Amino acid sequence: MPADERGQDKVLFVATVYTHLAAFHLPFMKLLQSWGYEVHAAASPAEGRKEEVEALGVKCWDVPFVRSPVSPRNLQAYRVLRRLLSKERYALIHVHTPMAAWLGRLAARRTGQGPVLYTAHGFHFYKGAPWLYWLLYYPAERLAARWTDGLIVMNAEDFRRAQQMGFREGETLFRVHGVGVDLAAYAPAPGAREGVRRELGLGPEEFVTLCVAEFTTTKNHAQLIRAWPEVVREAPRSQLLLVGDGRLRARAEVEVRQRGVANVHFLGFRRDVPAVLAASDAFVLPSKREGLPRSVLEAMAAGLPVVATNVRGNRDLVGHRKNGFLVKVGDAPALAEALRALATDEGLRRRLGEEGRAKVRDYALEGVVEEMGTIYARYLQRGSGVRQR
């Protein structure tokens, strides 16, 4: 859908931080650029990676968003964003992340801009969510639904919830296969397994479990740390690799030292995640909440069995005893038992990994780019009457 002849040739992406845009949305920005649109981005530079967005030729506007829905600093962020929308005119605005998405839709409404697409990477109100989340996020999202021309979701639970909120499948509601994964990039490369293991001082016969996740309460490393001693007790040559940073990393390191948990390696932020996956035998993600975790998709693409908590998003990807194991949030013994089963049965690992690699084909990046292209074309089409709700 090329830029139209009226000169509305700009598209705006809005997210709380540039990190989110750099991690998940560069392929879709490239798609719109290939159609002739000038792509802009509005986000906070607080967590970095702005330079990766700018490297595409995207015009970046710094907006001081913060994640907290009750922070007064977001009032300033709203004013900055509204000034931007009063100055610039966009053919399409695509918003992401709860706080920035809410303020972005409000600013678009107040300045008469649109259409507006919102990708929910996982509603904060979900089955089993804390009551405070429902109290804060659900009424806000019901209100913002009035300002949303198209809602994009990634998992079955959010899809059903959106329908209950009045969005219509194929008209104002769309489900896509996540943000996509480059299958070729995660296919095991010759020599990668041995190279990373040499770097970390690990032998070829050791059972290596990998977790790639930011150290936050949501990612729930605490359950994994409680479970790991039981894995090592039965399979002493087991090693746990923790990739990622975050505000709770130091606390996790202290807990590991104080509890004397053996064979745990904190690797920090890594740019060679495909190589680390190739060096691993299993993947684990003990999250309390997910939308549709790309880390699990990447592990599946690498042919690894996955042990994950039985929450929305994880269970969309992991079939229990099909391509991995699902365990209850907080159940450290069940997590340990699943990892012990993988540590002691190479054939099981291979079978589950092959199933995962077959399933992940549906989530290939090129397919998701095509899905998003169809949605973008619908809302960019001149005179399409997109304000249907």
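These numbers come from a predicted model, not from an experiment.
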*Full working for side-chain contact (heavy atoms from CB on, under 4.5 Å) between Leu241 and Leu202*: CA-CA 11 Å; Leu241 309 182; Leu202 305 178; 4.2 Å; yes
*Option from Glu290, Arg294, His96 for which side chain to side chain donor-acceptor pair (under 3.5 Å) with His121 holds*: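 Running side chain to side chain donor-acceptor pair (under 3.5 Å) over Glu290, Arg294, His96 with His121 returns exactly one hit, His96.
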_According to salt bridge (charged side-chain N to carboxylate O under 4.0 Å, His left out), does anything in residues 222-236 pair up with another residue at least two apart or in another chain? List the pairs._
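Listed once each, the pairs are Glu230-Arg233, Glu234-Arg340.
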*Between Arg237 and Asn263, is a side-chain contact (heavy atoms from CB on, under 4.5 Å) present by the stated rule, with each step listed?*
CA-CA 8 Å; Arg237 302 192 69 179; Asn263 302 353; over 6 Å; no
*Should the pair Glu346-Arg350 be classified as a salt bridge under the 4.0 Å nitrogen-to-oxygen rule?*
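So Glu346 pairs with Arg350 through a salt bridge.
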_Between the side chains of Asp281 and Arg197, is the shortest nitrogen-to-carboxylate-oxygen separation below 4.0 Å, so that they form an ion pair?_
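Salt bridge between Arg197 and Asp281, a charged N being under 4.0 Å from a carboxylate O: yes.
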Supply the atom-to-atom distance [X] [atom1] to [Y] [atom2], rounded to the nearest 0.5 angstrom.
X      : Y      : atom1 : atom2 : value
Arg110 : Leu81  : CZ    : CG    : 12.5 Å
His320 : Phe325 : NE2   : CZ    : 6.5 Å
Asn220 : Ile225 : CG    : CD1   : 9.5 Å
Arg146 : Thr148 : CZ    : OG1   : 11.0 Å
Lys288 : Thr309 : NZ    : OG1   : 10.5 Å
Leu297 : Asp182 : CG    : CG    : 12.5 Å

*Please work out which of the three classes, parallel, tilted or perpendicular, describes the rings of Phe215 and His221, given edges at 30° and 60°.*
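The arrangement is parallel - the two ring planes meet at less than 30°.
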*When the ring planes of His177 and Tyr363 are compared, do they come out parallel, tilted or perpendicular, using 30° and 60° as the limits?*
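If you compare the ring of His177 with that of Tyr363, the planes turn out perpendicular.
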Are more than 12 heavy atoms, taken from residues, nucleotides or ligands other than [X], located less than 6.0 Å from that residue's [atom1] atom?
X      : atom1 : value
Lys30  : NZ    : no
Arg259 : CZ    : yes
Glu370 : CD    : no

*Quick one: which residue pairs count as a ring pair (Phe, Tyr, Trp, His ring centres under 6.0 Å) with a foot in residues 235-259, not counting sequence neighbours?*
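Listed once each, the pairs would be none.
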Is [X] reaching over with its side chain to a backbone N or O of [Y], donor-acceptor style, under 3.5 angstrom?
X      : Y      : answer
Thr19  : Glu47  : yes
Ser71  : Arg67  : no
Glu206 : Gly203 : yes
Trp102 : Glu141 : no
Arg357 : Ala302 : yes
Thr97  : Thr16  : yes
Glu157 : Lys127 : yes
Arg378 : Glu171 : yes
Lys359 : Leu317 : yes
Glu88  : Lys10  : no

For a 4.5 angstrom cut-off between non-hydrogen side-chain atoms, does [X] reach [Y]?
X      : Y      : value
Phe174 : Leu151 : no
Phe125 : Arg161 : yes
Leu335 : Leu224 : yes
Val153 : Asn155 : no
Leu85  : Ile93  : yes
Val208 : Leu200 : no
Tyr186 : Val360 : no
Val318 : Asn323 : yes

*Establish, from distance only, whether the side-chain atoms of Gln113 and Tyr90 form a donor-acceptor pair under 3.5 Å.*
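Side-chain D/A pair, Gln113 to Tyr90: absent.
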Applying the 4.5 Å side-chain criterion to the ILVMFWY set and letting contacts propagate, would [X] and [Y] be lumped into a single cluster?
X      : Y      : answer
Leu132 : Tyr137 : yes
Phe269 : Tyr18  : no
Val39  : Leu26  : yes
Val17  : Val80  : no
Leu242 : Leu342 : yes

Which atoms form the tightest heavy-atom contact between [X] and [Y], and what is the distance?
X      : Y      : answer
Tyr118 : Ala101 : CE1-CB, 3.3 Å
Leu292 : Gly313 : CD1-O, 3.8 Å
Lys50  : Pro45  : CD-CB, 4.4 Å
Gly268 : Asp245 : CA-OD1, 3.7 Å
Tyr37  : Ala91  : CE2-CB, 4.1 Å
Ala343 : Arg349 : O-NH1, 3.4 Å

*Take His94 and Phe28 through the test side-chain contact (heavy atoms from CB on, under 4.5 Å) and record every step on the way to the result.*
CA-CA 11 Å; His94 192 176; Phe28 313 114; over 6 Å; no
*So, do His40 and Phe13 have ring centers that fall under 6.0 Å from each other?*
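His40 vs Phe13: aromatic centres not under 6.0 Å.
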*Check the pair Asn310 / Asn314 against side-chain contact (heavy atoms from CB on, under 4.5 Å), numbers first and verdict last.*
CA-CA 6 Å; Asn310 189 9; Asn314 285 349; over 6 Å; no
*Evaluate salt bridge (Lys or Arg N to Asp or Glu O under 4.0 Å) for Glu355 paired with Arg351, printing each intermediate quantity in order.*
CA-CA 6 Å; Glu355 287 289 332; Arg351 178 176 63 79; over 6 Å; no
_Given the ring of Phe266, does Arg249 sit roughly above its face, with NZ or CZ under 6.0 Å from the centre of the six-membered ring and within 45° of the axis?_
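So Arg249 doesn't make the cation-pi contact.
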